[in-house]
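Here is the naming used below: chain letters follow the sequence lines, and residue numbers restart at 1 for every chain.
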Number of protein chains: 2
Amino acid sequence: MKLIDNANIYNTQQNILIAVDCIIFGFTSNKLKLLLFKRKVEPAKGSWSLIGAFIKNNQSIDDGAKQILFETTGLKDIYLEQLKTYGEVLRDPAQRVISVTYYSLTSVHEFELESVEKYDAHWFDLDEIPDLIFDHGKMVKDAIEQLRNKAKHQPIGFNLLPEFFTIPELQSLYESIYQRKLDSRNFRKKILSLDILNKTEKKDKSGSKKGAFLYCFNKDKFETLISKGVNFEI
Amino acid sequence: MKLIDNANIYNTQQNILIAVDCIIFGFTSNKLKLLLFKRKVEPAKGSWSLIGAFIKNNQSIDDGAKQILFETTGLKDIYLEQLKTYGEVLRDPAQRVISVTYYSLTSVHEFELESVEKYDAHWFDLDEIPDLIFDHGKMVKDAIEQLRNKAKHQPIGFNLLPEFFTIPELQSLYESIYQRKLDSRNFRKKILSLDILNKTEKKDKSGSKKGAFLYCFNKDKFETLISKGVNFEI
DNA sequence: CCAAAAGTGTTTCCATTACACCCATGA
DNA sequence: TCATGGGTGTAATGGAAACACTTTTGG
């Protein structure tokens, strides 16, 4: 039995909790990874799970998602989008909980690959995702699908890569989202035709002996482009 | 003060209500309409609003949406899809309520145009939507956008039209979704190339003196098509 | 007989795809 | 010098868009 002292103007008998869960994709070493946590509470304590938390009474759901992302990765102001709300009655066996999911794409620097381990978290390759609690497996599946769809209408790579990046890097990002190889000539043609990249004179030689030119992203042109609506099918 | 007697295993202090709101589009007389209700409770009693209800403790959110749709229109088993969840802290000035929205497309028969008036509801033309309570206007805007996107990847018309319909009828449905005129030759070509329509020998003469052939929709071929993934850009 | 909507084909254009070789360089 | 990944152009294909006239028939 529990006392609740807030106003209940609508006078409902509703007793449902609401949580957010975040599906966080990270791009590193030319691979797409997923961030998972070892759950710290019963039921299913110790199992792999998405990052989640209950919404606070004075916090919007968007802010709840941002906060949990920040607390667990240190990342702010990144591409974070609502995915779907999961509301089956028995999805959480302990108690009725409705979960609003968000997904996010971020670049993962080398040190972040390790640093999350402190939180009992781990970056998994997409093809090595372990069994997840409740309906979290379904959430991940839906998020991947959504990500692919999204990629068709927005050049998502730009929220994801470091300030300077090479075309082959961008290509391998798209390849890991789509899970297939792309033709480098066609990819380059398409990307450059959007006219949202600025070429620099510098080269990144970490990927090859010849080195690849570094580009950066022209924010103004990019804004114009998405406001007009892009078609970005690759 | 209120006593809640359900288990609170997670021991949160959360006090947030959760509701569904439905954005119901109806197609009739070659126009797309939106179903709105006069709100019956304070605050904003008497204002126009979407159809909504609080989720019951033992009801999934999908079922909650289906139920409210059935109760207010008598329609079952129709295209009903989750749109987005709205969770700003102050979106409902009375109490913290998070709303999961669903949208739906249905054909509206003549008698239904009138019959909803009993419930203090009304079908509005899309360009005559009145001011709505809270963030419902935003919900409608988002739903229209989603509807257009959806129409590009699924032949949505089939959940919407009566069993027998003419090609010009189908075309005007798409025209009202996209809010622009389509070329009748190209439209017909595209629709028929999908090979999901069965032509009948009957004609509907309500739209013209010549009359247009009635088609019905081949359910088997349709299922095959969406399972393979359709591109339906018009 | 005529107004009003239904029905029909062809051409143009553009975007996507497929495809193969040279370049630069560190080891 | 050679292995490795970076960088480039062109031809073929297919789908979308543009476009105008004939047919039917109730009034």
Subject >> Given D/dG7, D/dG26, D/dA18, the nucleotide with the shortest approach to the side chain of B/Lys189 >> reply: D/dA18
Subject >> Min side-chain heavy-atom separation B/Phe164-B/Asp204 under 4.5 Å >> reply: no
**OP:** Find the distance A/Lys190:NZ to D/dG9:C1' and express it as a whole number of Å.
**Re:** 18 Å
Original post:
A/Arg185 CZ to D/dG6 P: how many Å, rounded?
Top reply: 14 Å
Original post:
Of A/Gly211 and B/Asn186, whose closest DNA chain D nucleotide lies nearer the 5' terminus?
Top reply: A/Gly211
Original post:
In whole Å, what is the span from the CD atom of A/Gln171 to the P atom of D/dT8?
Top reply: 13 Å
Original post:
D/dT23 C1' sits how many Å from B/Lys203 NZ, rounded?
Top reply: 9 Å
Subject >> Distance, rounded to the nearest Å, where B/Lys202 contributes NZ and D/dT24 contributes C1' >> reply: 21 Å
Original post:
Centre of A/Tyr86's six-membered ring, under 6.0 Å away, within 45 degrees of the axis: is that where NZ or CZ of A/Lys84 sits?
Top reply: yes
**OP:** Starting at atom CG of B/Leu170, determine the distance to atom P of C/dG7, rounded to an integer number of angstrom.
**Re:** 12 Å
Original post:
Which residue, B/Ile167 or B/Lys209, contacts DNA chain C at a nucleotide closer to its 5' end, judged by nearest heavy atom?
Top reply: B/Lys209
Original post:
Do the ring planes of B/Phe187 and B/Tyr174 sit parallel (below 30°), tilted (30 to 60°) or perpendicular (above 60°)?
Top reply: tilted
**OP:** For A/Thr28 and A/Trp123, run side-chain contact (heavy atoms from CB on, under 4.5 Å): C-alpha distance rounded to whole Å, both residues' side-chain angles, the deciding distance at 0.1 Å, then the answer.
**Re:** CA-CA 10 Å; A/Thr28 187; A/Trp123 289 101; over 6 Å; no
**OP:** May I have the distance from A/Arg188 (atom CZ) to C/dA20 (atom C1'), rounded to whole angstrom?
**Re:** 16 Å
Original post:
Whole-Å distance between D/dG6 P and A/Phe187 CZ?
Top reply: 12 Å
Original post:
Which sits closer to the 5' end of DNA chain D, B/Lys205 or B/Lys210, going by the nucleotide each is nearest to?
Top reply: B/Lys210
**OP:** Return the 5'-most residue of the pair A/Asp183, B/Ala212 with respect to DNA chain C, ranking by each residue's nearest nucleotide.
**Re:** B/Ala212
